[in-house]
Asker: 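Please see the structure below; I have some questions.
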Amino acid sequence: MSIRQKQDEIVSEFALFDDWMQKYEYMIELGKSLPLISENNKTDDNIIKGCQSKVWLHAELIKEKINFTADSDAIITKGIIAILLRVFSGHHPKEIIESDTEFIDKIGLKEHLSPSRANGLGSMIKQLKMYAIAYQTKLS
Amino acid sequence: MSIRQKQDEIVSEFALFDDWMQKYEYMIELGKSLPLISENNKTDDNIIKGCQSKVWLHAELIKEKINFTADSDAIITKGIIAILLRVFSGHHPKEIIESDTEFIDKIGLKEHLSPSRANGLGSMIKQLKMYAIAYQTKLS
Amino acid sequence: MFKENLNVKKIREDFPILKRIINGNNIIYLDNAATSQTPLQVINAISNYYKTTNANIHRGVHFLSQEATDLYEKTREKIRAHINARKSEEIILTSGTTHSINLVANGFESILKKGDELIVSELEHHANIVPWQMLSEKTGALLRVLPMKKDGTLNLDSYKSVLNNRTKVVFVNHVSNALGIINPVKEIIRLAHKFDAAVLIDGAQATPHLITNVTDLDADFYTTSAHKICGPTGIGMLYGKEEWLKKLPPYQGGGEMIDQVTFEKTTYADIPHKFEAGTPNIAGAVGFGAAIDYINKIGFDFIESHEKDLLKNATDQLRKITGMKIYGDIENKVPVISFNVDKVHHYDLGTILDKMGIAVRTGQHCCQPIMDFYGINGTVRASFAFYNTHREVDMFVNGVKKAVKMLL
Amino acid sequence: MFKENLNVKKIREDFPILKRIINGNNIIYLDNAATSQTPLQVINAISNYYKTTNANIHRGVHFLSQEATDLYEKTREKIRAHINARKSEEIILTSGTTHSINLVANGFESILKKGDELIVSELEHHANIVPWQMLSEKTGALLRVLPMKKDGTLNLDSYKSVLNNRTKVVFVNHVSNALGIINPVKEIIRLAHKFDAAVLIDGAQATPHLITNVTDLDADFYTTSAHKICGPTGIGMLYGKEEWLKKLPPYQGGGEMIDQVTFEKTTYADIPHKFEAGTPNIAGAVGFGAAIDYINKIGFDFIESHEKDLLKNATDQLRKITGMKIYGDIENKVPVISFNVDKVHHYDLGTILDKMGIAVRTGQHCCQPIMDFYGINGTVRASFAFYNTHREVDMFVNGVKKAVKMLL
Ligand SMILES: Cc1ncc(COP(=O)(O)O)c(C=O)c1O
Ligand SMILES: Cc1ncc(COP(=O)(O)O)c(C=O)c1O
């Protein structure tokens, strides 16, 4: 599935929720269930500075595709990370570079990516793109 | 005449004016006509720091009465000085200390005594009172 | 049980923002320690200023300039009266507490020598730490800590052992913004004065809740921000004893703070103008004055008693929640409650509460040392004001319960 | 003859204060260089902020805090676009020009060494002199003067002879507030850059009248105050090139400007936050943003052409008055006229004009060196804005004639 297709899929999934409660319950569930990053990659080097909830992001290039793993100490942040990884992990750097995050807006979680939001997700997406650019340079 | 009587006299004089023009023309006239201070008393020591128009004030105790002379480089300021000297000069320190300057308000020139006004008149009245207090201490 | 206070209903009419709908719910604003809401009386004072009087102040001979100057100076006098300072020249209008503290810390640069000591309490807001650290770096003066205790109060015994003849300045907040605890500043000042040390009291969190009397406290410096006491942003004040203000050099250079300027030599104006360089926040000062009038009209008797009830009601209910940990849970507080729930991240809790329209603050509250002390990286902080209701307290507690259930 | 511009009539509807009656006359406000008037669009933006959004910004997870942060950051971006800076991080929100300049001067304390040189123009406002004098005293750097000529322009030949390898900072205003003359700042910057000196341009009097392009000018720093361009008091900006802002240490310590705080060591946040300690003037920033929108809606094409007409009309008429002396009476000016009439004290003239409801400024205009240069102790300054009319110009000129007649 392409990044775009995955995004569309998530948008339709979220369309089923009636209210914010259901949506957040779902994200909390996602946050709880997913093993996101191996403990030895949860290093200070991999930390993205958000103010209140910490975010760790690790990237590896495997067969021209980037494998992202990540984690956070806050569960809602973790839920959104799960969604982001589902979309972006396992894709070619070029595809990641060319993609956008508009679907986050469509599923009504836009505020979480605001640069002023104290959860580091905005910076995480920036970092994710930076990895893609770095690996793209390496590949070409 | 007591300070109070002089003040009342000035208030009645000013009551004759129909508008600010007449009033200011009168003050300008006062400012122009009066010799206020002898040049050798126009020293830096006698300067009262106002921002824009300079005010010089000199005081002498003659037979238990204070004789004030003063000057300014601005003519309107000079006019008001003339009025103030007419009221306060030639009186016993005690009488000066006990007097107020409400008559300035009554003749509609209150704004000129405001501490924020850039003409030094507010400071001049303060200084005038300080002289009275100083001489009073000397006398008693 | 707490009965709704009927005055509050009327008071709330003054605050249009309290009718705002967030995520389908009427907002419940419990972030008052970050900034208080602004009543119409203050908003209108600012608008009217711009509609009728706006002009640059001081040294202007024209009517508007005089009128604007009078309004500006009236605020200085209102502040003086409100905190019972001796002279209005002892009141400097600043852009807020942060500016006030930096002004003082900068001034001490010319006074301190290497080997001198400064004492900072462990409860301070970054605004009352960082400027002094910068000063300490510049001067070589040593920064020593007045430690806190587990219950959130200051350890006065340790304070006594840290104080000595080398102590030059002590800086402590009157009320801690992270915990809400009222500190024994009068005693802290008394002890410091034995060693001739100056004391700066950061009153940012005190002035919204208590009447301050700087003369009774014998404080050398006292600061606050208008935006915490129903006033506008961008304006605050510094009280300083005349002797001290005369001793400190000016902070910023510019218009209004000078006497004479030549390229060879510049001489400065007297206090308070020496510290008020440039065009001040005149409209902000007008709003600050209106805010002081407003809170005095509400009255601190009412404010203190109603807020005490709100605090008790909220604390009693929160304590019953399993896993609840309130930091600094003592009697002598303003209505601020800083807490965590076991296994719940403060950020998650704040996020869910926000979805319910309940505004609280989460994180470190600019008090990293307190967080380090407790070994946590943040708390949820609910802070109340006199316009909050018991119904809001109940909804907040229910919100916390519901959120915890979702998150666990 | 000048015909009244029909747009102006409509524009004046935005400014309620212009209907104010002073001493029985409709006010004629010609003190725009001191502070401009505020349109309803800006007043309402501020009121609405307090009525709907007021909250402390940054790091708040709740809705209002996010919304307030967005509004605040939007202003930063509006300023960036308006002055054509490359990045919004290069825009620091300050409390005004004075604060901006002090921030930069303070930052250079850690960079300058004894023997380094600073160049100040003789035309500067005290705000662009005193902070550098303070810096010069602290660092031992030498303050050298870029002199002015009789006609009020800067002497670029002398400038070239003063510039050298030791020159570290040059500071010049874009437009002189006392004379209104537009200085050749692009050339001044070009010459300074040959010696790797940084240039700070004080744009307080330029931004109300001209479109500024900091990238085209290649300015290292550029400053202005919102209250001079239809915005509120207590807010202004500093533009700084990224390289410079990263190099300068923070100015004030406090909340928001830090990364980590412990008593042992504090690390600072990135630009722009490093320079924005404490709760900023959020409502002021909102008003600043609205002011930029407003003046752009009016349009600088219109502003420049209408103001040019006003200036020509007023200058032509004033020149005919016997004893009239206009300082800096050249073509390349914004609509500011600084003058004296032979044997008349500026203070007297200003006072009589005020009685007629005409607001002008009198005195030194915070530019003592210019006054010293001309050997005077003040001038009368009439400064116009795009909302002034030719009828006002006529009434002002008549007022001057009448006042002079009274005073002579
Ligand atoms: C050229 C110039 N620079 C600096 C300033 C100071 O601006 P502010 O008082 O807004 O800080 C002014 C305003 O009077 C000015 O005209
Ligand atoms: C105790 C304390 N000190 C200082 C400050 C800083 O105040 P401001 O941000 O208004 O400068 C605050 C506000 O958060 C505070 O709570």
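Small disclaimer: the values here were computed from a predicted structure and weren't measured. Residue numbering restarts at 1 for every chain, and letters A, B, ... go by the order of the sequence lines.
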Asker: Classify the side-chain pair D/S95/C/S95 by whether it contains a donor and acceptor separated by less than 3.5 Å.
Answerer: no
Asker: Among D/M257, D/M134, D/E122, who wins on heavy-atom pairs under 4.5 Å with chain C?
Answerer: D/M134
Asker: Give me the ring orientation class for C/Y29 and D/H62: parallel if the planes are under 30° apart, tilted from 30 to 60°, perpendicular past 60°.
Answerer: perpendicular
Asker: What part of D/I370 gets closer than 4.5 Å to chain C, counting heavy atoms only: side chain, backbone, both or neither?
Answerer: neither
Asker: Evaluate the criterion side-chain contact (heavy atoms from CB on, under 4.5 Å) for residue pair C/T279 and D/T98; output intermediate values, then yes/no.
Answerer: CA-CA 8 Å; C/T279 305; D/T98 301; over 6 Å; no
Asker: Measuring heavy-atom distances to chain D, does C/L135 have an atom under 4.5 Å in its side chain, in its backbone, in both, or in neither?
Answerer: neither
Asker: Output yes when a side-chain donor or acceptor of D/D372 lies under 3.5 Å from a complementary backbone atom of C/T262, and no otherwise.
Answerer: no
Asker: Are any side-chain N or O atoms of C/Q252 and backbone N or O atoms of D/P131, one a donor and one an acceptor, separated by less than 3.5 Å?
Answerer: no
Asker: Tell me the closest heavy-atom pair linking D/R361 and C/S65, and the distance in Å.
Answerer: NH2-OG, 3.4 Å
Asker: Tell me which one of D/V42, D/I46, D/I17 satisfies side chain to side chain contact (heavy atoms under 4.5 Å, CB included) with C/Y50.
Answerer: D/I46
Asker: Measuring from C/N281:CG to D/N281:CG, what's the distance to the nearest 0.5 Å?
Answerer: 5.5 Å
Asker: How many angstroms lie between OG1 in C/T38 and OH in D/Y49, if you round to the nearest 0.5 Å?
Answerer: 7.5 Å
Asker: Write down the atom of D/Y251, the atom of C/N102, and the distance for their closest heavy-atom approach.
Answerer: O-OD1, 4.3 Å
Asker: For D/Y268 versus C/V130, what's the shortest heavy-atom pair and its separation?
Answerer: CE2-CG1, 4.0 Å
Asker: Under a 4.5 Å heavy-atom cutoff, which of D/N23, D/V360, D/I235, D/N128 has the most pairs with chain C?
Answerer: D/V360
Asker: By a 4.5 Å heavy-atom criterion (distance strictly below it), what part of C/P232 contacts chain D: side chain, backbone, both, or neither?
Answerer: both
Asker: At a heavy-atom distance under 4.5 Å, which candidate from D/I101, D/I22, D/T233, D/T53 has the highest pair count against chain C?
Answerer: D/T233
Asker: Mind checking whether D/K51 and C/L40 have side chains closer than 4.5 Å, heavy atoms only?
Answerer: yes
Asker: Assess the residue pair D/K138 and C/E109 against the criterion (side-chain contact (heavy atoms from CB on, under 4.5 Å)); give the C-alpha distance rounded to whole Å, side-chain angles, the decisive distance to 0.1 Å, and a yes or no.
Answerer: CA-CA 11 Å; D/K138 282 187 188 172; C/E109 189 182 338; 4.2 Å; yes
Asker: D/Q368 side chain to C/V261 main-chain N or O, any donor-acceptor pair under 3.5 Å?
Answerer: yes
Asker: Among C/H227, C/E137, C/K19, C/K265, single out the residue with the greatest number of heavy-atom pairs under 4.5 Å to chain D.
Answerer: C/H227
Asker: Counting only heavy atoms closer than 4.5 Å, note whether C/I27 contacts chain D via side chain, backbone, both or neither.
Answerer: side chain
Asker: Taking the basic N atoms (NZ, or NE/NH1/NH2) and the acidic carboxylate oxygens, is any pair closer than 4.0 Å for C/E67 and D/R20?
Answerer: yes
Asker: Return yes if some donor-acceptor pair links the side-chain N/O of D/N54 with the main-chain N/O of C/S36 below 3.5 Å, else return no.
Answerer: yes
Asker: Where is the tightest heavy-atom contact between C/D354 and D/F63, given as atom of each residue plus distance?
Answerer: OD1-N, 2.8 Å
Asker: Heavy-atom distance under 4.5 Å to chain C: side chain of D/N106, backbone, both or neither?
Answerer: side chain
Asker: Is D/I282 close to chain C through its backbone or its side chain, or both, or neither, when contacts mean heavy atoms under 4.5 Å?
Answerer: both
Asker: Donor-acceptor pair, distance only, cut-off 3.5 Å: does the side chain of D/N56 make one with the backbone of C/T35?
Answerer: no
